[in-house]
Amino acid sequence: MSIDMTDRTAVERRLWEEIERHQIGMLGVVGAQPHMQPMTAFVEPDREQIWFFTRADTDLARHVVTGHPAMFVFQQREMQACIFGELTRHHDPARIAKYWNAVVAAWYPQGKDDPRLTMLQLECMDAEVWISQAGPMKFAWEIAKANATKHEPHIGGKANLHFH
C-alpha cells in the first residue's frame, strides 16, 4: 500500500493500525535499563497512548512508578517505528477488563484480580516511522538499479510524528 510520507495523518493512522494488528514490540525505559523487553501493545489512537500488561514487581514496573521516559520499538516487514513518550504505571481495572484476553490470562493464573497485575501507559510524545513501499519485485529492481547507477534505492520513506 503506497502512502505519502509527508501526509502526517496517513502515516499516523498506518502506525496505529499496524501496532493494533501485530501488537508485539520492544519496550524499555530510557537510561534505567540496559535492555528493552518484548511487550504486547494495546493502542488508543484517539488518546495517543499505548497500554501494556505487566506485573507490579518487574524491574520495568518499578522504574516507572512516577513516570519515566521510555521507548517502544515496533518492527514489521514494511514498517519500523520508534515511539518515545512518558511511561507510567496505572492499576486501571477498566482497561484490564477492556484488553483482557486468553493470551493475557495465561500470564496471570489468578486472573484479573491477581494482586501483582498492573498496567503501563505510554503517553506518546513523538515517533520516527519508516515505511517500505516496495514489494519483492520493486525491491529487487531498486537494489539492482542502485548497484548499477551507484545511487541509493528508493523503497520507502521516513516520517517524524509529534503527538499532542
*Do the non-hydrogen side-chain atoms of I19 and E17 ever get within less than 4.5 Å of each other?*
no
*Out of curiosity, does F74 fall in the hydrophobic cluster containing L87 (side-chain heavy atoms, cut-off under 4.5 Å, transitive links)?*
yes
*With the side chain counted from C-beta on, respond yes when I131 and R14 share a heavy-atom pair under 4.5 Å apart, and no when they do not.*
yes
*Drop me the distance from L122's CG to T88's OG1, to the nearest 0.5 angstrom.*
8.5 Å
*Is H22 close to R77 at the side-chain level, that is, under 4.5 Å between some pair of heavy atoms?*
no
_W100 CH2 to L117 CG distance, which is reported to the nearest 0.5 Å_ = 5.5 Å
*Calculate, to the nearest 0.5 Å, the distance between atoms CZ and CG belonging to F163 and D126 respectively.*
7.5 Å
_Heavy-atom side-chain proximity of E128 to K158 below 4.5 angstrom_ = yes
*For the atom pair OG1 (T54) and CH2 (W107), what is the distance rounded to the nearest 0.5 Å?*
11.0 Å
*Following the transitive rule for hydrophobic clusters with a side-chain heavy-atom cut-off under 4.5 Å over Ile, Leu, Val, Met, Phe, Trp and Tyr, establish whether M79 and F72 coincide in one cluster.*
yes
*If we only count heavy atoms from C-beta on, is the T40 to Q23 side-chain gap below 4.5 Å?*
yes
*Determine, stepwise, if the pair V29 / L60 fulfils side-chain contact (heavy atoms from CB on, under 4.5 Å).*
CA-CA 7 Å; V29 175; L60 185 59; 3.3 Å; yes
_Donor-acceptor pair, distance only, cut-off 3.5 Å: does the side chain of R89 make one with the backbone of T118?_
no
*asked:* Using side-chain contact (heavy atoms from CB on, under 4.5 Å), reason through I96 and H91 one step at a time and then give a plain yes or no.
replied: CA-CA 8 Å; I96 290 171; H91 185 79; 3.7 Å; yes
*asked:* Using the rule given for side-chain contact (heavy atoms from CB on, under 4.5 Å), can you reason through E12 versus E48, listing the C-alpha separation, both sets of side-chain angles and the distance that settles it, and then say yes or no?
replied: CA-CA 10 Å; E12 186 175 340; E48 298 173 332; 3.6 Å; yes
*asked:* So that I can tick it off, tell me whether R116 and D114 are bridged by a salt bridge, with the cut-off set at under 4.0 angstrom between side-chain N and carboxylate O.
replied: yes
_Positive for ring pair (Phe, Tyr, Trp, His ring centres under 6.0 Å) with Y99, one of W51, F52, F42_ = F42
*Nearest non-hydrogen partners of A61 and A56, listed with the distance*: CB-O, 3.7 Å
*Determine, using the 4.5 Å side-chain heavy-atom cutoff (strictly less than), whether M125 and V30 are members of one ILVMFWY cluster.*
yes
*Just by modelled atom types, is the D57 backbone N or O under 3.5 Å from a matching donor or acceptor in the R62 side chain?*
yes
*When clusters are formed by joining ILVMFWY residues with side-chain heavy atoms under 4.5 Å apart, either directly or through shared neighbours, do L15 and M5 land in the same one?*
yes
*So, W16 and E20: side-chain donor and acceptor under 3.5 Å apart, yes or no?*
no
*May I ask you to decide whether R21 forms a salt bridge with E18, counting only side-chain N to carboxylate O separations under 4.0 Å?*
yes
_Under a 3.5 Å cutoff, is there a donor and acceptor pairing between the side chains of E78 and Q76?_
no
*Looking at Q121 and H90, what are the two nearest heavy atoms and their distance?*
OE1-NE2, 2.8 Å
*asked:* Between V73 and F84, is there shared hydrophobic-cluster membership here, with clusters defined by ILVMFWY side-chain heavy atoms closer than 4.5 Å?
replied: yes
*Separation of L120 CG from M39 CE (nearest 0.5 Å)*: 5.5 Å
*Out of curiosity, I83 CD1 to L161 CG, how far, rounded to the nearest 0.5 Å?*
8.5 Å
*Which residues pass the side chain to side chain contact (heavy atoms under 4.5 Å, CB included) test with T6, sequence neighbours left out?*
D4
*Does any donor atom in the side chain of E123 or Q49 lie under 3.5 Å from an acceptor atom in the other side chain?*
yes
*Shortest non-hydrogen separation from M71 to M36 and the atoms involved*: O-CE, 3.2 Å
